[in-house]
Amino acid sequence: MQRANNIDLRPSTIDDLAGVYSLYCTVAATPGGLARLPFEITRSYVETFLHATLARGLGFVAINEHGKIVAEVHSYSPEIFCFSHVLKDLTIAVHPSVQGRGVGRTIFTHFLSSVTTQRPHISRVELIARESNERALAFYESLGFLREGELRNRVLNPDGSLESDIPMAWLRPDTSDLKE
Ligand SMILES: CC(C)(COP(=O)(O)OP(=O)(O)OC[C@H]1O[C@@H](n2cnc3c(N)ncnc32)[C@H](O)[C@@H]1OP(=O)(O)O)[C@@H](O)C(=O)NCCC(=O)NCCS
C-alpha cells in the first residue's frame, strides 16, 4: 500500500463494491464529469467494471484517514487478442470533497507507474473525455496522454445540446513504435 496526501492507495478488490458505488453516485451528481448520469450509476455497473478490472486490467482505490474510498481509477483490456496490449475506457473519479487537492494526480500517476512496471505487455492506455471537460483534458495531457482526434457530436447533454468526445491515449514511451 502506498501512502500520499494523507490517503492510502491500494489495488481495488471486489470487496470495494459498496465504497466505489457510493463514490461514483456522489461524483455523478455533478454534471459534466463522468459520462453516466446519476440514475445510470448502478451496483451492477460498478460490479461489472470491478470484475473486468480484476480479471484483465488494473485498478486502484484511495482511502482517507476514516477508511472511506475517496478516489478510484480503473481500466481493462478488451477480450480479443489484437487488443491484448491495450487498456481501454480508463475512468477516474475523485470525491468532490477532496477534488483539486492532488488526489487525482496521485492515484493516476500511481496507475501509470504500475502499468509501466507491472504490466510490461501493455503499451497503450485509452480514455475518452468530453470536449467541455477542459480541466480533465489538460490534466490527462499533463500525464502524457495525447489527443487522437475528435468524435464530433458524440455526447448528448441533458439539455439536448451535442458536443464532441475527445479520444486520448498514453503510449508506453519505449514501445510507442513497435515497428522499429
Ligand atoms: C478530473 C479529476 C479526476 C481530477 O482529480 P483531482 O483530484 O480533482 O485533481 P488534482 O487535484 O490531482 O489536479 C489535477 C488536475 O485536475 C484538474 N482538476 C482539478 N479539479 C478538477 C475538477 N473538479 N474537475 C476537472 N478537473 C479538475 C486541475 O486542472 C489539475 O491540474 P493541475 O494539477 O495542473 O492544477 C476529478 O476532479 C474528478 O473526479 N472530477 C469529476 C469526474 C470527472 O470529471 N472524471 C473524468 C471524466 S473524463
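Only heavy atoms go into these numbers, but all of them, side chains included; no hydrogens, no water, no symmetry mates. For ligands, and for the atoms within them, numbers begin at 1 and follow the listed sequence.
A 6.0 Å sphere centred on OH of Tyr45 holds more than 12 heavy atoms belonging to other residues, nucleotides or ligands. Shown here is Gln118, whose CD atom has more than 12 heavy atoms of other residues, nucleotides or ligands within 6.0 Å. Around CZ of Arg152, the count of heavy atoms belonging to other residues, nucleotides or ligands within 6.0 Å does not exceed 12.
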What short N/O contacts, under 3.5 Å, does ligand 1 make with the protein, listed by atom pair and distance?
residue	atom	partner	partner atom	Å
ligand 1	7 (O)	Gly104	N	2.7
ligand 1	8 (O)	Gly100	N	2.8
ligand 1	11 (O)	Gly100	N	3.4
ligand 1	11 (O)	Arg101	N	3.1
ligand 1	11 (O)	Gly102	N	2.7
ligand 1	12 (O)	Gly104	N	3.4
ligand 1	12 (O)	Arg105	N	2.8
ligand 1	20 (N)	Arg135	NH2	3.1
ligand 1	23 (N)	Gln99	OE1	2.7
ligand 1	33 (O)	Arg105	NE	3.4
ligand 1	33 (O)	Arg105	NH2	3.0
ligand 1	39 (O)	Val94	N	2.8
ligand 1	44 (O)	Asn133	ND2	3.1
ligand 1	45 (N)	Ile92	O	3.3

CA sep, side-chain torsions, deciding dist, call: Met168, Glu148, side chain to side chain contact (heavy atoms under 4.5 Å, CB included): CA-CA 5 Å; Met168 304 184 81; Glu148 293 195 315; 5.9 Å; no
Full working for ring-ring contact (aromatic ring centres under 6.0 Å, His included) between Tyr24 and Phe49: CA-CA 12 Å; Tyr24 271 66; Phe49 79 60; 5.3 Å; yes
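Atom CZ of Phe111 sits about 9.0 Å away from atom CZ of Arg119, to the nearest 0.5 Å.
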